Amino acid sequence: MDRAERVPYGRRPLNLLRIMPAKGGDKVVDSPDAAHFLKSVTRSRVFEGARPALSGDFVVESHGMAPIPENQRYGASRRNFTVWFAPNMELSGVFTGTLAFTLGLGFWPGFIAIVIGVCLGALPVALLSTFGPKTGMGQLPLARLPFGKSIALPAAVQWLSAIAWDGLVGLFGAEGAQLLFHVPFAVGVLIVLSLEGLIGFVGYEFIHQLEKWGSAILGVLFVVLSLRILQRGDIPLHNTVHGGAAVGAFILMTTIAFSGAFSWASYAADYSRYQEKDTPSSPVFLWTLGGLCASYIWTYAIGLAGARVLSNQTAAGVQSLVGGGALGTLALIAVFFGAITSNAMNDYSGSLALQAAGVKLRRNWSAALGTVLAFCLILWIHGGNTSGKFQSMLLFSAYWIAPFLAIVLVDWHDRKGSTTYGGLSALMDLKNLNTGWPALVSLVVGFGAMVPFMNTGLLVGPVAKALDGADLSFYVGFVVAAVVYLGLHKLEAPNPAVGRGEIEKPQVGVSNTA
């Protein structure tokens, strides 16, 4: 089918569903598979809708978590670089890099820990990004395969976390807008969230275009910021801790750097699901890996190099650091624009997660709802001066992604990477899902096994204390959840409506008739 013939489902009224055999004219096929497929399509209508048809098509994407039809995909794999580069070019990453100095590491040991941690954390995101073209689905919606109805728990946590990150990143962006436009703080919040909310509302294509141009703009701004920090000098070259304490600090910094990139794993396939099914996996993987590694290593390294002077972790502090004037304005633009590029992805992925949990709300309006809740959250955090404790709680809650990842990968391997459009469409109807208790039990057990190994602002586990603060919890949670799920998942028989990839889509097609 030519590109000109690819009319996105939902872009015009669907007045008639035709069942078309592989050969011959239109006729109604009276088969259980075909009837079931059509029932699933009808029930999942809220998860479908208008979609962009090609690069630069800024139609409001009301299409939600339903799989993108294979003949209506587009987009080059190199898009995966910019969509994963720009969101991380913001000042919270710079301040994260200062933690290596706080832990007592000199520049080179700290930098090595950063590189190792970032690369390890980016690998799962790059791998899961390859699932987007293969399935046409976002990450949390696709996790209905192993989790069944129990997907409600991780999807709800994902949605709430997206709103919470909106609040924390938006708080910093609002401070930048306040200083940049000379407006009250509440107006600064409104400006930031209105822009990011609009982007999340329009959806997938607007986000990709924003991140493409944002990569160039933020790249220039961060070059200026990097040069300014390096001109200040006073780079911490030597460790202030030694022996076991130095080893513990090195491992902990590796985990901190790991967690930044790794936290995107539950978003990964959301931004590659429109790419054509026959897109080779290698370039998708490498472009994603490159975008994440380049952005995180850059921002963390800046923070480590300027750790002695990056003491005031506010927008005003950054403006003062670069010396005010034109450079100060550029710094504020970086703060402001970086918050928008990052939070637009929170809004978008949060809207898909809410649908994955079973909430039948249009994707674009779900994104708008998340933005409104984030507005209230920012005002609460700012008014109560509780951002530090709130961030610690949020980072603690992000540990669930490690056992979640293990379950998803085991399930995908068990299916041999094989899915069908009909089977994935059937996932849209909760009636077609099993309870998913093996996945839920594995998630809970895996998370529980992590607790003794954690070193967070809320909790330092006994094993972490014994290891001089080294945090190995992500690796432990992944292994434990994988082992438990391997032992349990065969105990729940696959639902015939979805199966394990062996049920093919009926030889039917769905056409739009005006």
Side-chain angles (χ1 to χ4, degrees), residues 77-90 92-94 96-97 99-100 110-134 138-140 158 161 165 169 207-208 211-212 214-215 218-219 222 250-273 275 279-304 338 341-342 345-346 349 395 398-406 408-409 412 471-475 477-479:
S77 57
R78 62 178 177 272
R79 293 180 133 211
N80 292 281
F81 180 88
T82 52
V83 82
W84 292 113
F85 178 83
N88 310 310
M89 299 300 291
E90 39 97 19
S92 66
V94 175
T96 299
L99 295 176
F111 182 74
I112 294 171
I114 286 169
V115 171
I116 293 173
V118 168
C119 290
L120 289 176
L123 285 172
V125 187
L127 177 61
L128 293 180
S129 290
T130 66
F131 290 14
K134 294 178 186 295
Q139 202 63 62
L140 262 294
Q158 168 80 339
S161 296
W165 280 116
V169 177
I207 288 175
H208 268 281
E211 306 301 358
K212 179 177 72 174
S215 294
L218 289 170
F222 267 81
F250 183 88
I251 295 175
L252 179 56
M253 189 60 212
T254 301
T255 302
I256 291 171
F258 171 93
S259 65
F262 182 72
S263 65
W264 289 110
S266 55
Y267 291 39
D270 298 357
Y271 302 98
S272 57
R273 66 186 184 131
Q275 292 172 17
T279 301
S281 294
S282 295
V284 174
F285 177 90
L286 292 173
W287 283 118
T288 302
L289 186 70
L292 287 165
C293 289
S295 56
Y296 273 113
I297 292 174
W298 187 355
T299 55
Y300 288 170
I302 292 174
L304 175 56
T341 58
S342 180
M345 295 179 71
N346 287 324
S349 289
L395 291 171
Y399 278 88
W400 69 273
I401 299 176
F404 171 84
L405 172 66
V408 167
L409 291 180
W412 187 257
D471 187 333
L472 301 174
S473 57
F474 285 99
Y475 317 108
F478 179 89
V479 172

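Atoms considered below: every heavy atom in the structure, side chains included; atoms not considered: hydrogens, waters and symmetry mates. The shown structure was predicted, so the numbers you read here are calculated from the model rather than taken from an experiment.
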- Task: Taking all non-hydrogen atoms of both residues into account, name the closest pair between G132 and S272 and its distance.
- Result: CA-OG, 3.4 Å
- Do L120 and F474 pass the side chain to side chain contact (heavy atoms under 4.5 Å, CB included) test, and can you show the C-alpha distance, the side-chain angles, and the key distance before you say yes or no? CA-CA 11 Å; L120 289 176; F474 285 99; over 6 Å; no
- Query: OG1/T341 to CD/E90 distance, rounded to the nearest 0.5 angstrom?
  - Reply: 7.0 Å
- Message: So, taking the atom named OG1 in T82 and the one named CG in L218, what distance separates them when rounded to the nearest 0.5 Å?
- Response: 12.0 Å
- Message: Can you tell me how far apart CZ (F111) and CD1 (I297) are? Round to the nearest 0.5 Å.
- Response: 6.0 Å
- Just do the side chain to side chain contact (heavy atoms under 4.5 Å, CB included) check on W412 and K134 with the steps written out, would you? CA-CA 11 Å; W412 187 257; K134 294 178 186 295; 3.6 Å; yes
- Query: Any idea which heavy atoms bring S215 and F85 closest together, and the distance?
  - Reply: OG-CD2, 3.5 Å
- Note on the structure: Between Y296 and G260 the two heavy atoms that sit nearest each other are OH-O, 3.0 Å
- Message: I need the minimum non-hydrogen distance between I401 and A265, along with the two atoms involved.
- Response: CG2-CB, 3.9 Å
- Query: Is the closest side-chain heavy-atom distance between Y300 and N88 below 4.5 Å?
  - Reply: no
- Message: Within the structure provided, determine whether R78 and P283 are in side-chain contact (heavy-atom separation under 4.5 Å).
- Response: no
- Task: First locate atom CG of L289, then atom CG of N80, and finally report the distance between them rounded to the nearest 0.5 Å.
- Result: 11.5 Å
- How many angstroms lie between CH2 in W264 and OG1 in T288, if you round to the nearest 0.5 Å? 12.5 Å
- Task: Verify side chain to side chain contact (heavy atoms under 4.5 Å, CB included) between Q158 and Y267, making sure each step is shown before the conclusion.
- Result: CA-CA 9 Å; Q158 168 80 339; Y267 291 39; 2.9 Å; yes
- side chain to side chain contact (heavy atoms under 4.5 Å, CB included) between D270 and M345, intermediate numbers included: CA-CA 9 Å; D270 298 357; M345 295 179 71; over 6 Å; no
Quiz: residues 123-130 side-chain donor-acceptor pairs under 3.5 angstrom, not counting sequence neighbours:
residue, atom, partner, partner atom, Å
S129, OG, V125, O, 2.9
T130, OG1, L127, O, 2.5

- Message: Give me the atom names and distance for the closest heavy-atom approach of S266 to Q139.
- Response: O-CB, 3.3 Å
- Provide the closest heavy-atom pair for A86 versus G214 in the form atom of the first, atom of the second, distance. CB-C, 4.1 Å
- Message: Looking at T299 and S295, would you say the former's side chain and the latter's main chain have a donor-acceptor pair under 3.5 Å?
- Response: yes
- Item | F262: which of V118, L292, L405, T255 passes side chain to side chain contact (heavy atoms under 4.5 Å, CB included) | L405
- Would you please indicate if the ring centroids of Y475 and F258 are separated by under 6.0 Å? yes
- Query: Run the side chain to side chain donor-acceptor pair (under 3.5 Å) check on S349 and Y271 step by step: do they pass?
  - Reply: CA-CA 9 Å; S349 289; Y271 302 98; 2.9 Å; yes
- Message: Once rounded to the nearest 0.5 Å, what's the spacing between atom CD1 of I256 and atom CD1 of I251?
- Response: 12.5 Å
